[in-house]
Each structure stands twice: as structure tokens, then as C-alpha cells.
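Notes to accompany the following structure.
Residue numbers begin at 1 in each chain, while the letters A, B, ... track the order of the sequences.
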Amino acid sequence: MPEVKEYDAQNYDVIVVGAGHAGCEAALASARMGQETLLLTLNVDMLAFMPCNPSVGGPAKGIVVREIDALGGEMGRNIDKTYIQMRMLNTGKGPAVRALRAQADKAAYHRTMKHTIENTPHLTLRQGLVNSLIVEDGKARGVITATGARYHAGAVVLTAGTSSRGKIIIGELMYSSGPNNSLPSIKLSENLEQLGFKLRRFKTGTPPRVDGTSIDFSKTEEQPGDKTPNHFSFTTPDSMYLKDQLSCWMTYTNSHTHDIIRENLSRAPMFSGVIKGVGPRYCPSIEDKVVRFADKPRHQLFLEPEGRDTSEYYVGDFSTSMPEEIQLKMLHSVAGLEHAALMRPGYAIEYDVIEPWQLRANLETKVVANLFTAGQMNGTSGYEEAAGQGIMAGINAALRVQGKPAFTLGRDEAYIGVLIDDLVTKGTNEPYRLLTSRAEYRLLLRHDNADLRLTDKGHELGLIDEDRYAKFTAKRAAIEAEKQRLNTLRLKPSQVNDWLTAQGKPELKDSVTAAEFLRRPEVDYSVLTQFIPAADVDHRVTEQVEIQIKYAGYIAKEEAQVARLKRQEAKKIPAHIDYEAITGLATEARQKLTKIQPETLAQASRISGVNPADVAILSVYIEQGRIAKVH
Amino acid sequence: MSNYGEETITAISTPPGEGAISIVRLSGDDAVAIANKVFRGKDLRKVPTHTINYGHIVDPENKRVVDEVMVSVMRAPKTFTREDVVEINTHGGIVATQHVLQLVIGAGARMAEPGEFTKRAFLNGRIDLTEAESVMDIIRAKTDRAEQVAVDQLGGSLRKLIDKLRKDILDTLAQVEVNIDYPEYDTEQMTAKAMRDAATDASARLQELLATAQSGSILREGLATAIVGRPNVGKSSLLNYMMHEDKAIVTNVPGTTRDVLEEYVSVRGVPLRLVDTAGIHDTDDVVERIGVARSRKALTAADLVLLVLDASEPLTDEDKELLEATKNKKRIVVLNKQDLPAKITARELATYLEPSELINTSIKTAEGLDELESRIAKLFFGGIENSQNNVIVSNARQAGLMRQAQTSLKSVLDGLDAGMPLDLVQIDMTAAWNKLGEITGEAAPDELINQLFSQFCLGK
């Protein structure tokens, strides 16, 4: 075959490679910040495709979606336009851990996102397989595609996902492929290795899909959507809430299923040694669960519709790479799935990731400047984690081209900040999933205050338009005004004691402010308004007021911890420190610091193996250099 | 995960064992406020800078006086570290000093890292740039030494207890977390009751350990023992008996600034540090001017009081005053001179003491001395024998962190009482777990997340 001839194609400010959930956010952020942006993807029909579960949100992840929305990203708006079911989870728990989750219509989600991207100024969508980067003087300058096009740009964002040298495994069958039988990206991985990147293999998987018309739903438990309206985006009004929602269904594996799995373990690639990549502990295959939790008599499965115009159902928590023949037997052993018709078999996929400690906090690589990476190729898993990195990488690529300083979020400001800091500071040994327990200050990082935390920043970046910003500032002012009112209004014992007695609660002796009354466990805002006039404000405002007043003590505790963290974050470590030259450091600390190159003392102190004494010595060393320069 | 920001730090800043005055130093934004929490005297927050203030260190929990102190308050910037600095000058020897250190840690200070005062002095521009190298050397050297000491101090059995305690708390934390991150899974739901039980249990176990903290420092430093009584009742003879050469460990450690002599003796394995023996020696002089006033002073610092009475003379007002002054102390009343005709009867003494506190002796004939020794040993070991596997907390830093953990556990219970959601109460439970982790220094990264995945079978 003759060699493909290269040609010089257009110049852009920013090129984004890959149009999954990370790539879409990155491209939109860059274009909306005014940069001429090219979005290249292997297959435009798979833009914003959901290769695994048909849902968006959930604990921690749902909060990320709201954070993306507050920064002016698209995921929240897109799911609000395309969901088929909405549920608020953890409603019985505290405000910090409530989380919204939507079931998506996969096809509509893709179609709607594609429409948005096609209609965004400064954004060009093109199909193309990127084979290599153009790198000059250690800086990314563009990309070269398989068809020979040389695109030049000031910054490049890579979001190759599981396509990077992807390999699909189903029992004894193994073939080179991206997700859902898409084209794999082989040459780009080789190019990254040549450039000096350290890559490793990860593994993930997806369950089989079955035809809903063949499911006996009467043998399963229904999980309907919520009646109370909730959406992800600040911009979606309650009036848009979908009345006609589709249900999910719950069923269980049983001892028969487990027997089939155990009898066929020798054919399971997870156990036969075929799969080399490290899989996530939190999303194990069903064969993994049966082996590791051998005494569990059954495992939950969720049957989730993949969309409104399809009868395809996703068999949640049944991820497997067993041979197709065994998958069928396993499925048919489950209540409700006795006659299920298989539409797509489950599979495992192995792929390359970049060791994420090779990144800076702005998601720029340390190996090649002006090159940013985001999403699954950074070692994460999940659409939301990918999108959260995507918007940050897109913002930072645009800022780089504009010659402006980097934009990062702290662990106290956003789950996105926790996610990225974990990745770049600690690296990851398995596909990384966000959990609420990864956040130290989760009471501050609530889903209900994502707009309060981040809208100012999104506005400053130019990603929040003036109309929305005005609505946001009005809401913020209303919250403050209502808090002020409750702190001033007083309740006399005579007003409330009858009610308290009826509740079996101790009476008031002296008058209290309305805010103090609201702090009592038995009182909520609706109770309060039996005794004082209700304010003429949106229920999102009163919800915010109630949370801020009721949990003020705990919020203050976390804020005190954050104040301490901030002081350490303020201490920057200059680039290019020669850690070998600092004699006092312990050997392990020296190696780790050289590898990670932390940007602040706080980040340095979070590296495992770097002890307080090392941080102390480092701080003295930095101060010495700083003073020396000043003198 | 701990953050090393500009928290208020503390340490004993005088070398151990040298002199009767020790200094507990605090540095940081909250130095004055923290010292004030354990100080009874003037409101330190309101005193002018660079002043020395007389008062007492009081355990905020039981309001008991720990020591009589002088407290220097020095506000930034004219201090060693250029931060607010407080120095608590303690008088009660090492045991009391360790106790003061525990209390300020309990009140929110953090034990200083090795060399940290010097580091701060440097970072705040107090030490010349040319000395940076030596500052780094100091940190390294002190850290290496401190690590060795820490390994020695954190005995195997204490570590096991703390590890077990942390593991149990971790199980509770993981249960709450799994309910949050996997709300639809059929895992067991954590309840307020289970949380309360866990916190109550952890708190009780910590309390038991903390109760040994005092004994622990005593074991290392000696039980501060005061021999008191009016002149000529036999104090000197008792002292001389105890100082008998095969019992004496250390003799004549002169105080540097105060006229105090301390003697160390071992009574049946109990190390006694005899305080203010100078007062006893003085009474050998013809000038008997000091008497009760002097004894009273010795009492402040004493863990154990040996009150000597002369059985051959009627009970005097001075005797009665001393009986009154020592009634809340751990004491043994030595009714001496049993070889002479008795003028005091046990019945007469009954209004002032419990019969179990009384011992009849004649130091001259050695009558009752055996019993006195076994009583001292029993008094001391009696308090320890009941604790978990005889583990003793002997280090102020450990005890201080346990107190902080204890405070967090109390907040857990308060939160549950107030009907707060479990995931909020969890904040304090996690804080307690982290504090205990600082004791063993082994808060492994992602401990909780690892626990989550090993304990539960979870999906996506």
C-alpha cells in the first residue's frame, strides 16, 4: 500500500482529540471562551456516546454534574433535555450527601449534544483518527491524522478514552477494538510512549444488553422516578419536569447463577490470566463478585431502559467477560430473565492510560507543554469524572492560548478539585471513581450549593452569560436577605409552646430568633412559617437558608479546617526544584517529590512517603531561595 | 490526613530532668486562647504583651488544680518565632509538666514537630538566611532522634489497643459511607443507635486508657511524694529511713532556681520522687519557722502525701489543719512514735480520716514500716491493675491526642442527641479516628476506601 501523504490543514487555537464526555466539555469550554476549536473524533456518530450504563449522576458524581453546570458546562443541560427518569438519592440523610441521578435516553443524549456542538460558534466538529502529535521545543503544536491532515494549534487536549490500544475480551475471543466495537487508536499510544510518557494497562467491563420485550417484569421490583421535580442545571425550570418517566427494575442473582459462574471460571478471562489490566474494585465483574464474596447468596441487578425508542435494556451490575454461551446461561438463571433475548454480550476492555502523576493540577502534562489530557485516559472511570476533567482541560487549554494563568479548583471548592488533586498527587492503581468519602469537606461540597461555589468562577471565565449570572446573583441575594430576616425576627414562647408541647418537645422559656428556632431538630422551614410570615422566594432559596442555618456548627468546623489548608496551599513550590540538592530530605521523599513535582506545600504533604519533617525542610529550602532572590 | 498549617504548636522547651522549673511553650495564632482555657488567674487574652502572670493550671474537665505556675504572654512579632508565644513555667516537676502539656494539647494545640519552633523562627524571618542549612540539619537530626524515641515509647501493647480501637471506628465509618455511596444496595443500614453504641464504646475504652496516663508518667518520672507534718514528729527519721542506701536511686538533685531538693527512692518497685525535702531538712535547725506553711506548698505538687503525726502528743491545731489540707489527696497518715505512751487514739482521728488511711509506726523500732511500704505499693498499683492488659499511656503527646479524640467522640454523642443526620455526625467520628491515627502515625492513605471495598460487595 502506498504511504498516506500528509498535507497542511487548518490552524486552530485549540484542538480536542476525542468526543466522549471529556472531549465534548473540553471543546465547548474552549470555543465558548472564544478560541477557534477543532473537535476531532473517530466517529461523529459516537459523539457523547454512553458505552456502559444509561445513567448520569448519583452520589458524588451527581454533584460533579452540578459543578460542571455552574462552570458553564453542558452535561447538566444535556441530561435535563434527554432524561427518561429522575431520582434524588439519599433523601433520608443529611444535605451533604443527597445526590441526583437520571436515567438517560442514550440516543437522545448523543443527538442533543451533537446538535449543541454543531451550533456552537468557533467550534468545528470533524471525523478523524489522530495518529501523532506535532511537538516542537517540548510544546504541543498540533496533531496529524490517519488521513494525512496536519492541524496546527496553540494547545492540544487529548481525551482518547478506552480507545487507546483498546482490546475487547469475551471468553476466549479477543480482538483489537475501542468501546462498543469502535475503531481502536493504536498509533497515538505508540507516539505518546516515544514522547516519554509512562503508560499502563487498565481494564473495565460492561454487562450484556437484553431485549425488554423478552423480560418478565412481574418477577422484578419496580423502581419508579420521583414525583418531586429536580434537575441538574441551574437553567432548567421545574416546569420542564418530565411527568411520563420510565421505571427501572430490580432483580437478583441466585445460587444457580453462582454455580454456573463457578463451574465455568476456567473460561473466565479474569481468572484464566488472559486479562492483564487492573480492574476497578468498585465495579467488579459478576464473576469477580461471586469469587470474592463467596458467602453472599445473591447479588442485586438493575434492569435499566437504554432509551424511549428502543427495547434494549442494560443489565446493571452484571458486568462480565464470560464466553457468550455462558453469559446466556447466567442471564437465563435470573428471575425475570428466564427467556431474555440477548442483544449485545457483555465484554471486558483493556486499554492504555497515562499515569496521571505526569500531569499538573491544570491537567497539562509535565512531559509535553501545552498538551492537556482528560477523562478515562487519565485513569478515571465514569462519564461524570470524564466530563469534570474535560471542562477543566478545555478551560486551561484556552487560558494557555490566551496567555493567562491556570485555573484550578481546591479540594475545598469542588469534587472536581478532589478528583484532579487525587489523580495528580497520588496517581491511581485502578480505574478511579469518585466517592463522597474521598472528599474531606463534603459538607461544603453539596449538590445544592454547587452554583454558589462556582458560578462566579464560571462567569469570570466567560462561560456563564449575563442573563444567567443576573438570576444567580438575585438568588444569592435572596438567600442572604432571608437569613438576615430570620436572624432578626423573634419568636415568643407564647407563640410556639403549644406546638412544641404537641410534639412532646421542651417548651421555650425565653424568646429566640427565628434562626435559633429553626436549628431545633423537630423544626424545618415549613414549621417555621406557621409562626412567621413566609418569604416570597423560591423554594431553592429557603432550602439553602435552612441548610446553612441548621448545620452551621458542622459547616464552621469544616471551614476552620479549610482555613488551615488554604495557608499551606498558598505556599507555592517553584518549578524545577532539584530535590537531590536538598540534603535533609529522606530518600523516599526525595524520589516521590522528584516524580510528582508538587506545586504547593499542601500538595507535597499529601504525597504518601513525604513526612512532616520533609515538608518542613522543603519549606525552609524554598524560603531560603525566595529570600536570596529578594536580597 | 493531617494538615500542617500554622496551627498552634506546643512542646516542653526545657531539657527533661534539669531543674525543678520546666517550661511548656506554645506558639501560634491561638497560643494565648489555648493557654487561657487551662489557666486560672487573670484572663490571659487581656493581659499586656510581655508580661508574666501568676496563677494555676486547671484540668478543664474536673476543675482540679494541676500546678501553680507563672505564665509569660508574648505577642507577635517580638518573639522567638514572631508568632504569639506563651510560656508556662511549671513548678511541679516533670510529672506536672507532662500533665500541663497534655492539657494544652487537649485544648487544641498540636505537639510540635521536631525543630518546628526553629523552623517557624526561620520562616518568619527571625533567623538569618545564612542559617537555613543548619535549620534543616536541626529538623533532620531531631526527627531521627524523635522517631527512635517514639518507637521506644509506643509499646507493642498500646499500639495494639489503639489499632483495634481505630479498626472498630473504621468499621462504623465504612458502614456509613457505603450507605451514602451505594444507597440502593442491600447492605445493612447504619442506625443512630449503632453509631451511638460505637461512640460510647470507643469513648469508654479511651477513658480507661487516659486514666492510666497519669500513672504512666508517674512510672517514668516517679510519684511525687510529700512528707509533711509539724516539726519534730519524725519526718526526718522517715526520710532517712527511706533514703537508706539500698533504696536511694538518685540523691541531691538541687533545683536551679528554687530552694528545693528532690530525692528519688524506690519502694517495692514504686519510684517515689520526694518533693520539698529541703523543708524537712530545715526543720532540723533550731529555727522552726517554716512548719505548716512550708508543708502546704509541698502539697500542691504531690501525687502522694505522707502525713506524719506524733502519737505521743495530743493532736494540735497545726495537725488538724494539715489533716484538713490533705483530705482530698492520696495520702497515708503515719501515726508515729508508737514506742511512747499514746496521747492520740484512733477514735480521736476518726473524724479526720478513713481508718484505711492510717498506719501506726515507730520509725525508731521499725514497727509498721513494712506495712507502710506495702500500703504505698498497693496505693500505686491498685489504680493500674484494672486497666486493659496493664497498658500504660506514658507520653503527653499520646495522652493529648487521646483527649482530642475523646472530645470528638463527645461531639458525636451531642450530634446524635440533637438529631443530626449520621453523615454529619460522621465528621466528628472521622476526626476521632484521625486523631488516634496520629498517635500511631500510621494513617495509611485511602484506608477508609480500602475498607469499603473489602467489607462490601459493591457495583458501579
Side-chain angles (χ1 to χ4, degrees), chain A residues 52-53 59-60 89-90 93-97 223 281-284 289 292-293 296 299-300 302 316-317 319 426 433 435-438 440 442-443 521-522 551 554 557-558 561 563-568 582-584 601-602 605-606 608 611-613 615-617 619-621 623-624 627-628 631, chain B residues 1-7 113-116 119 122-123 125 129 132-133 135-137 139-140 142-144 146-147 173-174 176-177 179-186 411 415 418-428 430-431 441 444-446 448-450 452-454 456-460:
Chain A
C52 199
N53 55 318
L89 306 174
N90 286 334
K93 304 192 178 84
V97 298
Q223 247 189 359
R281 285 171 298 175
Y282 52 80
C283 187
K289 290 188 207 178
R292 277 181 51 211
F293 296 90
K296 261 202 112 179
H299 294 275
Q300 270 169 314
F302 295 91
D317 286 292
S319 172
K426 299 175 188 161
R433 177 214 207 266
L435 297 160
T436 62
S437 42
R438 295 198 197 263
E440 296 85 349
R442 68 180 171 211
L443 184 51
E522 65 274 14
Y551 306 111
Y554 288 99
K557 258 183 213 179
E558 293 206 335
Q561 290 172 14
R564 230 180 293 151
L565 172 78
K566 286 271 188 210
R567 280 190 287 204
Q568 285 290 78
I582 311 176
T583 50
L601 279 184
S605 68
R606 286 193 292 268
S608 73
N611 295 319
V615 177
I617 287 168
S619 68
V620 171
Y621 182 85
E623 189 68 7
Q624 177 192 25
I627 302 171
H631 282 240
Chain B
M1 204 180 308
S2 58
N3 300 310
Y4 299 93
E6 275 83 350
E7 299 152 90
E113 303 292 342
E116 194 170 6
K119 182 195 100 176
F122 174 82
L123 289 183
L129 170 64
E133 278 302 322
V135 173
M136 287 190 270
D137 287 346
I139 295 171
R140 181 83 266 154
K142 288 198 172 184
T143 301
D144 292 345
E147 275 167 9
L173 294 178
V176 177
E177 296 300 331
N179 294 161
I180 293 168
D181 276 320
Y182 296 91
E184 291 161 321
Y185 277 65
D186 53 354
S411 302
M420 286 292 166
L422 291 183
D423 52 281
L424 290 189
V425 176
Q426 175 96 329
I427 292 173
D428 290 308
T430 308
D446 296 336
L448 176 59
I449 285 160
N450 293 338
L452 213 55
F453 293 133
S454 60
F456 305 101
C457 179
L458 302 170
K460 63 168 195 288

> From B:Tyr185 OH over to A:Asp317 CG, what is the distance, rounded to the nearest 0.5 angstrom?
Replying inline: 3.0 Å
>> Shorter than 4.5 Å, heavy atoms on both sides: which option in B:Asp423, B:Asn179, B:Val176 has the most such pairs with chain A?
In response: B:Asp423
> Looking only at heavy atoms, what is the nearest atom pair of A:Pro521 and B:Gly419, with distance?
Replying inline: CB-CA, 4.4 Å
>> Would you say that A:Lys93 contacts B:Leu422 through its side chain, given a criterion of any heavy-atom pair below 4.5 Å between the two side chains?
In response: no
> Do you know the tightest heavy-atom contact between A:Thr436 and B:Asp181?
Replying inline: N-OD1, 3.1 Å
> Once you round to the nearest 0.5 Å, how far does CZ of A:Arg567 lie from CD of B:Glu7?
Replying inline: 8.0 Å
> Between CG of B:Leu173 and OG of A:Ser437, what distance do you get to the nearest 0.5 Å?
Replying inline: 10.0 Å
>> Test of understanding: with side-chain hydrogen bond (donor to acceptor under 3.5 Å, both in side chains), list the residues that count as partners of B:Glu184, not counting sequence neighbours.
In response: A:Arg87, A:Arg101, A:Gln223
>> How close do B:Pro421 and A:Tyr551 get, counting heavy atoms only, and between which atoms?
In response: CD-CE2, 3.8 Å
> Taking all atoms of both residues into account, what is the closest heavy-atom pair of A:Tyr554 and B:Leu424, and its distance?
Replying inline: CE2-O, 3.4 Å
>> Could you measure the distance from the CZ atom of A:Arg442 to the CD atom of B:Gln426? Nearest 0.5 Å is fine.
In response: 5.5 Å
> Can you list the residues that meet the salt bridge (charged side-chain N to carboxylate O under 4.0 Å, His left out) rule with B:Asp428, with sequence neighbours excluded?
Replying inline: A:Lys557
> With a 4.5 angstrom heavy-atom cut-off, which part of A:Leu601 approaches chain B: side chain, backbone, both or neither?
Replying inline: neither
> B:Ile427 versus chain A, heavy atoms under 4.5 Å apart: side chain, backbone, both or neither?
Replying inline: side chain
